[in-house]
Asker: 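One structure is given below, represented as structure tokens, and several questions about it will come after.
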Amino acid sequence: LSAQNGEGHYFHFIQPNQYDSKKTFTQEEQKNALAPQGPYSFPVKNGYPALQEQIEVLRKNNVNVFSMIEIFDKVKETVYSDNCCHVNQLGNKIYAEFIAERILKTRF
């Protein structure tokens, strides 16, 4: 986003991941989006708590950081499209709405 003085603004959004989630997964997600022994599960389970611990530190240093980790926790429909972290059209719509709302509410 352009600022009036010609400088841009940085926003950081921590995306959700099915390996650090309270979402009730659909049958499709259980089949296609979960691989507990796969290469993504361990790093997410160990890395996401560290990310969450840094959110307040970043905010105190004037970084526009927002956690989307819980964004799908109450979504009953399928949103995850693979066993990494990618989402379908519904997931992208939910992302876009969340991101747009946070940017519009941010005061500069």
Side-chain angles (χ1 to χ4, degrees):
L1 295 174
S2 295
Q4 290 179 342
N5 62 4
E7 295 180 10
H9 295 285
Y10 175 79
F11 291 84
H12 190 89
F13 294 89
I14 301 171
Q15 76 179 51
N17 190 285
Q18 61 267 45
Y19 302 110
D20 184 61
S21 178
K22 294 180 179 103
K23 182 180 189 317
T24 300
F25 297 103
T26 64
Q27 286 183 345
E28 182 179 348
E29 287 171 321
Q30 290 176 26
K31 179 181 172 188
N32 299 320
L34 296 172
Q37 303 306 316
Y40 307 110
S41 178
F42 180 78
V44 170
K45 286 181 180 178
N46 290 291
Y48 267 54
L51 283 172
Q52 289 175 304
E53 289 176 6
Q54 295 303 310
I55 290 172
E56 286 306 315
V57 173
L58 291 166
R59 286 182 181 155
K60 286 178 183 176
N61 285 286
N62 298 315
V63 175
N64 294 307
V65 60
F66 302 91
S67 175
M68 298 193 314
I69 292 173
E70 298 174 351
I71 198 170
F72 298 141
D73 284 359
K74 295 181 180 177
V75 176
K76 297 187 185 318
E77 297 85 7
T78 297
V79 291
Y80 290 105
S81 60
D82 65 19
N83 69 355
C84 169
C85 55
H86 299 105
V87 298
N88 61 18
Q89 187 172 2
L90 174 60
N92 281 318
K93 180 180 183 286
I94 295 168
Y95 279 176
E97 290 171 354
F98 181 95
I99 291 168
E101 182 180 307
R102 295 315 181 281
I103 290 173
L104 289 171
K105 287 183 176 180
T106 299
R107 297 184 187 258
F108 302 104

Asker: Which pair of heavy atoms, one from P16 and one from I71, lies closest together, and at what distance?
Answerer: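 Nearest heavy atoms, P16 then I71: CG-CG2, 3.6 Å.
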
Asker: Donor-acceptor check, side chain of Y19 to backbone of C84, threshold 3.5 angstrom: yes or no?
Answerer: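 Checking the backbone N and O of C84 against the side chain of Y19, no donor-acceptor pair under 3.5 Å is found.
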
Asker: Do you know the tightest heavy-atom contact between A33 and Y80?
Answerer: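 A33 and Y80 have their closest heavy atoms at CB-CB, 3.6 Å.
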
Asker: With distance as the sole test, does N61 use its side chain to make a donor-acceptor pair with the main-chain N or O of V63 at under 3.5 Å?
Answerer: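 No, the answer is negative, given that no donor and acceptor are paired below the 3.5 Å cut-off.
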
Asker: Has the side chain of K23 got a donor or acceptor atom that lies under 3.5 Å from a matching backbone atom of Q18?
Answerer: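 Side chain of K23 to backbone of Q18: no pair is present.
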
Asker: Work out which heavy atom in S21 is nearest to a heavy atom in D73; give both atom names and the distance.
Answerer: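 Smallest interatomic distance, heavy atoms only, reads OG-OD1, 3.5 Å.
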
Asker: Give me the atom names and distance for the closest heavy-atom approach of L58 to V65.
Answerer: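 Scanning both residues, the minimum pair turns out to be CB-CG1, 3.8 Å.
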
Asker: What's the separation between atom CZ in R102 and atom CG in N64, rounded to the nearest 0.5 Å?
Answerer: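 Going from the CZ atom of R102 to the CG atom of N64 covers 12.5 Å.
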
Asker: Are S81 and N32 packed together at the side-chain level, in the sense that at least one heavy-atom pair is separated by less than 4.5 angstrom?
Answerer: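 No - every pair of side-chain heavy atoms lies 4.5 Å or more apart.
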
Asker: For the backbone of Q37 and the side chain of S41, can you confirm whether one donor and one acceptor N or O come within less than 3.5 Å of each other?
Answerer: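 Pair absent, no side-chain N/O of S41 close to backbone of Q37.
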
Asker: Checking the side chain of D20 only, and the main-chain atoms of I69 only, is there a donor and an acceptor separated by less than 3.5 Å?
Answerer: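 No; zero donor-acceptor contacts below 3.5 Å.
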
Asker: Out of curiosity, does F98 fall in the hydrophobic cluster containing Y10 (side-chain heavy atoms, cut-off under 4.5 Å, transitive links)?
Answerer: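 In one cluster with Y10: F98, yes.
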
Asker: Would you check, one step at a time, whether the test side chain to side chain contact (heavy atoms under 4.5 Å, CB included) holds for K22 with E70?
Answerer: CA-CA 7 Å; K22 294 180 179 103; E70 298 174 351; 4.3 Å; yes

Asker: Within a radius of less than 6.0 Å around CZ of F42, do more than 12 heavy atoms belonging to other residues, nucleotides or ligands occur?
Answerer: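 Counting neighbours around CZ of F42, 12 or fewer heavy atoms of other residues, nucleotides or ligands fall under 6.0 Å, so no.
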
Asker: Give the C-alpha distance, both sets of side-chain angles, the deciding distance and a yes or no for side chain to side chain contact (heavy atoms under 4.5 Å, CB included) between M68 and I99.
Answerer: CA-CA 9 Å; M68 298 193 314; I99 291 168; 3.9 Å; yes

Asker: With a 4.0 Å cut-off, would you call K93 and E97 a salt bridge?
Answerer: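 Salt bridge present between K93 and E97.
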
Asker: Ion pair present between E28 and K31, side-chain N to carboxylate O less than 4.0 angstrom?
Answerer: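 Here E28 does not pair with K31 in a salt bridge, since their nearest N and O are not under 4.0 Å apart.
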
Asker: Taking atom CZ as the centre, does F25 end up with more than 12 heavy-atom neighbours from other residues, nucleotides or ligands that are less than 6.0 angstrom away?
Answerer: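 Yes, CZ of F25 has more than 12 neighbouring heavy atoms, counting only those of other groups under 6.0 Å.
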
Asker: Evaluate the criterion side chain to side chain contact (heavy atoms under 4.5 Å, CB included) for residue pair I55 and F66; output intermediate values, then yes/no.
Answerer: CA-CA 8 Å; I55 290 172; F66 302 91; over 6 Å; no

Asker: Assess whether atom CD of Q30 is packed by more than 12 heavy atoms of other residues, nucleotides or ligands within 6.0 Å.
Answerer: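 Yes, because the 6.0 Å sphere around CD of Q30 holds more than 12 heavy atoms from other groups.
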
Asker: Calculate, to the nearest 0.5 Å, the distance between atoms CG and CG belonging to L51 and N46 respectively.
Answerer: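 The distance works out to 11.5 Å.
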
Asker: Can you name the closest pair of heavy atoms from E29 and V79 and give their distance?
Answerer: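 Reported closest heavy-atom pair: OE2-N, 2.9 Å.
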
Asker: For Y40 versus N83, what's the shortest heavy-atom pair and its separation?
Answerer: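 Smallest interatomic distance, heavy atoms only, reads CD1-O, 3.3 Å.
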
Asker: State yes or no: are the ring centers of F72 and Y95 separated by less than 6.0 Å?
Answerer: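 Judged by ring-centre distance (under 6.0 Å), F72 and Y95 do meet the cut-off.
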
